Protein chains: 2
Amino acid sequence: MGDVFKALADPTRRTILDELTERDGQTLFEICVRLTSRHQLSLTRQAVSQHLAVLEEAGLITTRKQGRYKFHHLDTTPLAAIFERWPVTRKGQTP
Amino acid sequence: MGDVFKALADPTRRTILDELTERDGQTLFEICVRLTSRHQLSLTRQAVSQHLAVLEEAGLITTRKQGRYKFHHLDTTPLAAIFERWPVTRKGQTP
DNA sequence: ACAATAGGCAAGCCGTCACTTGCCTGTCAA
DNA sequence: TTGACAGGCAAGTGACGGCTTGCCTATTGT
């Protein structure tokens, strides 16, 4: 569970999750391009690759390899554990 | 929002939130005692104080000063923003 | 009044982290 | 088949984070 928060602690990794939310199953280069063109983030390919490794180890993304491409898919199920640990009071919620 | 994840990235801070979930409105020394006696964490008072500062800056706890005591109260509303950013699929949920 | 209690401030140490650079592996097309 | 393309594997660097140490302020009880 600590890995999830450690992964989400970095703003670049959160932006990557945003990208995959909008368009799932992207490859490493696609993510690199979209990070620079849409979020003004100029990062090396290695940097993005390391970020993806952290996200995968946290269970927030899954990878599917196909030929020389590797597609990354979002998986938000680890986030559900947050609610089971600390009861969250949302707007309009009657506990 | 980044402050929330940075705050939750540390296991000690998550344990502090657990403590406040079980018993809200504790003081600094109370938290110190319970961290050592119930979680086998031997930390300095300063360390815990700094953790509490991080949690407060993230909006996860609020403080109420009364005389020479300062009580800490849990506030999980910042966690709700996580779901509004990434749709979480829980068990038995039909979207 | 004064000593104990509850907490704060600031500097310093050491480990972790984000990022880069350089080189290497595997896959597809011309 | 050979070169272009997608990706991986380190090692190195600079900065940030967690924790300690030392000293200081304010409030309470006897």
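Keep in mind the model is a prediction, meaning the values are calculated, not measured. We name chains A, B, ... by the order of the sequence lines, and we start the count at 1 in each one.
- Residues satisfying the salt bridge (Lys or Arg N to Asp or Glu O under 4.0 Å) test with B:Arg23, not counting sequence neighbours, are B:Glu30.
- Every residue was checked against the side-chain contact (heavy atoms from CB on, under 4.5 Å) condition with A:Gln40, not counting sequence neighbours, and none meets it.
- Under the side-chain contact (heavy atoms from CB on, under 4.5 Å) criterion, A:Thr21 pairs with A:Leu74, B:Trp86, B:Pro87, not counting sequence neighbours.
- For B:Gln50, there are no side chain to side chain donor-acceptor pair (under 3.5 Å) partners at least two apart in sequence or on another chain.
- If A:Gly67 and B:Glu30 are placed on DNA chain C by their nearest nucleotide, the residue sitting closer to the 5' end is B:Glu30.
- Remark: A:Arg68 engages no residue in a salt bridge (Lys or Arg N to Asp or Glu O under 4.0 Å) (not counting sequence neighbours).
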Side-chain donor-acceptor contacts of residues 55-63 of chain B below 3.5 Å, not counting sequence neighbours, with atom names and distances?
| unit_1 | atom_1 | unit_2 | atom_2 | d |
| --- | --- | --- | --- | --- |
| B:Glu56 | OE2 | B:Thr63 | OG1 | 2.9 |

Seminar exercise, completed: Per-nt protein contacts along nucleotides 10-21 of chain D (heavy atom under 4.0 Å; B base, S backbone sugar-phosphate only, - none) come out as -------SSBBB
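- Nearest heavy-atom pair across A:Asp75 and A:Pro78 is O-CD, 3.4 Å.
- Sequence neighbours left out, the pairs with a member in residues 6-20 of chain B that pass salt bridge (Lys or Arg N to Asp or Glu O under 4.0 Å) are A:Arg85-B:Asp18, B:Glu19-B:Arg34, B:Glu19-B:Arg38.
- Partners of A:Asp3 by salt bridge (Lys or Arg N to Asp or Glu O under 4.0 Å), not counting sequence neighbours: none found.
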Exercise. Reading nucleotides 1-6 of chain C 5' to 3', which nucleotides get B (base under 4.0 Å from a protein heavy atom), which S (sugar-phosphate only), which -?
Worked result: ---BBS
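- Clustering of Ile, Leu, Val, Met, Phe, Trp and Tyr by side-chain heavy atoms under 4.5 Å joins A:Phe71 with A:Tyr69.
- As rounded to whole Å, 16 Å separates atom P of C:dC17 from atom CZ of A:Phe5.
- Summarising the geometry, the separation between CD1 on B:Ile31 and P on C:dG8 is reported as 11 Å, rounded to the nearest angstrom.
- A heavy atom lying under 4.0 Å from DNA chain D marks none of the residues of residues 57-65 of chain B.
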